[in-house]
There are 2 protein chains.
Amino acid sequence: MVLTQRSYVRRPTLEDVARQSGVSKSTVSRVINGEARVRTEVVDRVRRVISELGYVPNQAARQLVTHRTNAVAVVAAQPENRLFIDPFFDLLLRGIRRELALHGAQAVLLFLEEPDDYARVADYLGGGHVDGAILFPLRPGDRLAEIIDRLGLPAVFGGRPLLRDGDPERPGQAHVDGDNRGGARLAVQHLVALGRRRIATVAGPYDQENSAVDRLAGYRDVLRDAVSPPLVERADYTRQGGADAMAALLDRHPDLDAVFVASDLMASGALQTLRERGRRVPEDVAVVGFDDLTSIAETTDPPLTTVHQDIEEMGRLMARLLLAREDAPDGPSVIVPTRLVRRASA
Amino acid sequence: MVLTQRSYVRRPTLEDVARQSGVSKSTVSRVINGEARVRTEVVDRVRRVISELGYVPNQAARQLVTHRTNAVAVVAAQPENRLFIDPFFDLLLRGIRRELALHGAQAVLLFLEEPDDYARVADYLGGGHVDGAILFPLRPGDRLAEIIDRLGLPAVFGGRPLLRDGDPERPGQAHVDGDNRGGARLAVQHLVALGRRRIATVAGPYDQENSAVDRLAGYRDVLRDAVSPPLVERADYTRQGGADAMAALLDRHPDLDAVFVASDLMASGALQTLRERGRRVPEDVAVVGFDDLTSIAETTDPPLTTVHQDIEEMGRLMARLLLAREDAPDGPSVIVPTRLVRRASA
DNA sequence: CTGAAAGCGCTAACAT
DNA sequence: ATGTTAGCGCTTTCAG
């Protein structure tokens, strides 16, 4: 027992309401569920009794028969607090919540932090507390994914998934992601359009993160039939990593005139390096970032031209996918488009 | 209906397990709930069948009879994303989750963002989905507080509550807060011990926030029987506010030799003003902050001496209070102690 | 348009 | 140590 027994107080039930209003339980049930075939007069009477008694339907009972809860779990694996620092998660969650709210569903957020949490969360999801789950960020192939499979719980995976060699493809499971590849293409095409000819990239950890792989691929897509051989330096999505990678690029290719940096955080580091090396931005080197984290992109010197993702829309989409309100274009996975936001750095 | 019907798949029930293992439902129930009086042999057999069938107990059914869910709601009113920017909430939530996990309870986080959310969250809480709720930050007197009262749902209020004139006192409801007054005393006593004689304070918005009231009271406590008349300037807990208030103080009291700033964020602004005015810290003016947000306090120049609150412990305490595992010293409310963290600014 | 009755899956006396 | 029996509070046929 978790909470002490004294915590339970008897609440009015459907039956109480029925007795008070002189109708049957069925009728009260109909009123509550807004069914048509009840006389207005009766509806009013029942409604009055409900509010007098302060009656609230017992969801457990309802759930037992309907198999529905009107609640959706959002499961967040939370490595090193990053979720709360990065506005990404905040925006995503907001989109999810708003879309679910539109459909009368309550989003409940669960955290996965320590190993023990897995079992408890699995029990929670398996226990029928929710109608479905949105998991973020979780690798397909995750232990929880198996559990969800076995339970037949509707689920959508989203965020920035990590994929490694040997991870099984699971085409059955819905998935939402930003258009990392297309966004990178936008960025590099912009640099090309600016007339830049020696376009380098500071890539993300493409041995670890899918998004980094895709952004690098987008860079290559554009340079393939173009102007400049690929000049790639890998970093780890941190500011310092971006600064170091920029230094390495300048050492190896002193003549570069543009750089696509695969995240705004890394780009802020890269800008610092460029400044230290006396390169003017954008005159000598044009810089484009990725993410459009305004807290970074608007405050760098110069402000950062970068690729924007509509993160809230991604959240909404995840919710809509789960609610099966939307037929995904091809299969259950959806890619959310990006757009370029021009500021001063390119 | 929120999720489409196809989402439901029949899962094995207690009865299925009982039939398969050739015992009664009661026995299976006993095995699941770890009761003693079952033969080891039978326990093993039942366990095997359970895992073969992939049986997971239906919580709704269980809940309907036990009136317990093993879940606790954490309700967060989220004005302007501040929850996700401020590490305060992150730490608090971590404490809550960990303590609940210790007792096998699952924390589920709900957000209160838009007016519509109230009704849905109230339904959720009233629907028996959870055994109790931790609400943060919420004024006693809040609409949701009433609902919780009426439902008899065990609840703990926490965080930095806002209290205004006319808000009812509600002694029945548990409450956790940091020791704002005691912490402020520590800060000012430290400045006194350093030999400072003209000690000013940049107070928080004490017309709006309880914490600001208490921190100012702590400052006055120490100066009452001491060295320096109170020199008070009010600001709004922002960085700019702190900078402006510091400027005002310097104008009015050019001879001040120390200042207690009621939040680290304001203190970072105050330090900037002092630098601009050519005052050395701590030689000319000693500065103490409040909160110990390390992302600020460790990176200011000089690093900030400040009052630390054990926020995770506050979270744990809120959970423990809810679980009634702890007898609160006096009444259901608890004040968590603070301590001074010395860095270079005082 | 309304009521009666069955049953969702589980636990908790009460027997045995 | 195990089985039997009632419900928990609700929705949902099925009658009327």
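The chains referred to below are lettered A, B, ... by the order of the sequence lines, with proteins before strands, and numbering in each begins at 1.
Here the straight-line distance linking atom CG of Asn70(A) with atom CD of Gln59(A) works out to 7.0 Å at 0.5 Å rounding.
A search for side-chain contact (heavy atoms from CB on, under 4.5 Å) contacts involving Ile335(A) returns Asp177(A), Asp179(A), not counting sequence neighbours. Scanning for side-chain contact (heavy atoms from CB on, under 4.5 Å) contacts around Glu99(A) gives Leu102(A), His103(A), Arg316(A), Ala319(A), Arg320(A), with sequence neighbours left out. Partners of Asp16(B) under the side-chain contact (heavy atoms from CB on, under 4.5 Å) rule, at least two apart in sequence or in another chain, are Arg10(B), Pro12(B), Thr13(B), Arg19(B), Leu53(B). Among residues two or more places apart in sequence or in another chain, the side-chain hydrogen bond (donor to acceptor under 3.5 Å, both in side chains) test is passed with Arg62(A) by none. For Val121(B), the side-chain contact (heavy atoms from CB on, under 4.5 Å) partners at least two apart in sequence or on another chain are Gln106(A), Val75(B), Leu110(B), Leu112(B), Leu125(B), Leu144(B). With sequence neighbours excluded, the residues forming a side-chain hydrogen bond (donor to acceptor under 3.5 Å, both in side chains) with Glu114(B) are Arg98(A), listed by chain and number. For Arg39(A), there are no salt bridge (Lys or Arg N to Asp or Glu O under 4.0 Å) partners two or more places apart in sequence or in a different chain. Among residues two or more places apart in sequence or in another chain, the side-chain hydrogen bond (donor to acceptor under 3.5 Å, both in side chains) test is passed with Asp117(A) by Arg120(A).
When rounded to the nearest whole Å, the span between CZ of Arg19(A) and P of dG9(D) equals 11 Å. Taking atom CG of residue Leu14(A) and atom P of nucleotide dG7(C), one finds them 19 Å apart after rounding to whole Å. Between the P atom of dG9(C) and the CG atom of Asp16(B) lies a distance of 8 Å, rounded to the nearest Å. Summarising the geometry, the separation between CZ on Arg11(B) and P on dC8(C) is reported as 16 Å, rounded to the nearest angstrom. Atoms CD1 (Ile32(B)) and C1' (dG9(C)) sit 11 Å apart, rounded to a whole Å. Rounded to a whole Å, the NE2 atom of His67(B) is 14 Å from the P atom of dG7(D). Atom CG in Asn33(A) sits roughly 11 Å away from atom P in dC10(D) (whole-Å rounding). Between the CD atom of Glu15(A) and the P atom of dA4(C) there is a distance of 11 Å, rounded to whole Å.
Axis deviation across the helix from dC1(C)-dG16(D) to dT16(C)-dA1(D) amounts to 30°, comparing end segments of five pairs, rounded to 10 degrees.
Note on residues 43-59 of chain A: no pairs pass salt bridge (charged side-chain N to carboxylate O under 4.0 Å, His left out), not counting sequence neighbours.
Of all heavy-atom pairs spanning Leu153(B) and Val130(B), the tightest one is CD1-O, 3.8 Å.
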Under 3.5 Å between N/O atoms: give me all the protein pairs with nucleotides 2-6 of chain D, atom names plus distance.
residue : atom : partner  : partner atom : Å
dT2(D)  : OP1  : Arg39(B) : NE           : 3.0
dT2(D)  : OP1  : Arg39(B) : NH2          : 3.2
dT2(D)  : OP2  : Arg39(B) : N            : 2.7
dG3(D)  : OP2  : Ser24(B) : N            : 2.7
dG3(D)  : OP2  : Ser24(B) : OG           : 3.0
dG3(D)  : OP2  : Thr27(B) : OG1          : 2.8
dG3(D)  : N7   : Arg30(B) : NH1          : 3.3
dG3(D)  : O6   : Arg30(B) : NH2          : 2.5
dT4(D)  : O4   : Ser26(B) : OG           : 2.4

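Interface residues of residues 44-60 of chain A facing DNA chain D, ordered by number: Tyr55(A), Pro57(A), Asn58(A); criterion, heavy-atom separation under 4.0 Å.
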